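Since the structure is predicted, the reported quantities are computational estimates derived from the model, not experimental observations.
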Amino acid sequence: MEEWKEFSAKTADEALTNALIQLETTSDQIEYEVVEEEKNGILGLFSKPAKIRVRKKEDVTDVVYGFLTKTFEAMNLTVKIEMDYDEIESQINIELSGSEMGMLIGKRGQTLDSLQYLTSLVANKKTDKYVKIKIDTENYRQRRRETIENLARNVASKVKKTGRPAFLEPMNPYERRIIHAALQGDKYVDTHSEGDEPHRKVVVTLNREFASELPRRNNNYKRRNNNYSHDRRRSYRKENNEE
C-alpha cells in the first residue's frame, strides 16, 4: 500500500489539486483525508492553510497478481500468470499456464471456479468500482461451455422423444445459464431450475403448447414395443405349454 503524503494550500481543494499534479494522477485513483481545515484570521492575521494527506489507490491488477502468486506458492505449483484488464467491461481476464493445470481445474472446473471466486473477493476489497474476474486455463471455459451446450441439445432431443422431463446434474449458476440460453430458442421444450445451492439443477420439460407439432415417433415406437412384448409373451407360453 502506498504511503500517505501531506499537502497544504490555502484551501483543501487547492491542496488536492496540487497533490494530483505532483502525483501525476487523477482523483479517481487516489484517496485523501483533510487533516486541517483552512482558517481565516482577522484582517489576514493568524490565518492557517488547509492540510490534507493523500495516497494512491493500490492497483487492483497488482493486488490480484500478488494474491495468485502467493496462493500458487502455498500449493507448490509453478504457474505462469498472464493478465489483461478490460476497462470498458471492468473485467480482469487471467490466463494460467503450467504443467499441472488439471489440478487447478478440478472436477468439472470446481477448483478453478473457487479460485476465481476468492480472487474476486480479494480484488473488490481494494476497489470502489466492482471488477469482474475471469480465470481460465487451456481454454477450459470454452470447452466446458461447448460440452454443456451439447448436453442441453441431447437432453432436449430425449425429452421431445419420450415426453418425460429430464433432470440434469447440479450445476453452478453460470452453467445453468448456459443450459437455459442454449434451449431458449427451442419452442418444444421449457427449462427451469429446482433445488437449493449447491444442489440446484436444471429441469427440461416438454412444452405442451407445441408438443402436437412434433413427429409422431412416440406412438409408432409404443406400437412396435407393444407388438414385440406380445410376441415374446406368446413365445414364452408356447415354451411352457401354456397355449
message: Under 4.0 Å between a side-chain nitrogen and a carboxylate oxygen: does that hold for Arg55 and Glu31?
response: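 Salt bridge between Arg55 and Glu31, a charged N being under 4.0 Å from a carboxylate O: yes.
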task: Measure from the side-chain N and O atoms of Arg176 to the backbone N and O of Met171, and report whether any donor-acceptor pair falls under 3.5 Å.
output: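 Yes, because the side chain of Arg176 sits within donor-acceptor range (under 3.5 Å) of the backbone of Met171.
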query: Between Gln116 and Ile135, is there a donor-acceptor pair closer than 3.5 Å when you use the side chain of the first and the backbone of the second?
result: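 Yes: the side chain of Gln116 pairs with the backbone of Ile135.
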Any side-chain heavy atom of [X] sitting closer than 4.5 Å to one from [Y]?
X      : Y      : answer
Leu168 : Val155 : yes
Glu138 : Arg143 : yes
Arg141 : Leu112 : yes
Phe72  : Thr78  : no

task: Could I get the full list of side-chain contact (heavy atoms from CB on, under 4.5 Å) partners for Thr25, not counting sequence neighbours?
output: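 Partners of Thr25 by the side-chain contact (heavy atoms from CB on, under 4.5 Å) criterion, ordered by chain and then number, come out as Leu20, Leu23, Gln29, Ile30, Lys56.
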field: Those residues that, when tested against Arg53, pass side-chain contact (heavy atoms from CB on, under 4.5 Å) (two or more places apart)
entry: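 If we apply the side-chain contact (heavy atoms from CB on, under 4.5 Å) test to Arg53, skipping adjacent residues, the hits are Trp4, Glu6, Glu33, Val35.
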- prompt: Does the side chain to side chain donor-acceptor pair (under 3.5 Å) test come out yes or no for Thr11 and Asp13, once each step is laid out?
  reply: CA-CA 5 Å; Thr11 65; Asp13 287 342; 5.4 Å; no
query: Hey, are Asp86 and Asn93 close enough side-chain-wise for a donor-acceptor pair under 3.5 Å?
result: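 No, Asp86 and Asn93 have no side-chain donor paired with an acceptor closer than 3.5 Å.
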- prompt: Do Tyr85 and Ile94 sit in the same hydrophobic cluster, where Ile, Leu, Val, Met, Phe, Trp and Tyr count as joined when their side-chain heavy atoms come under 4.5 Å apart?
  reply: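 Yes, Tyr85 and Ile94 fall within the same hydrophobic cluster.
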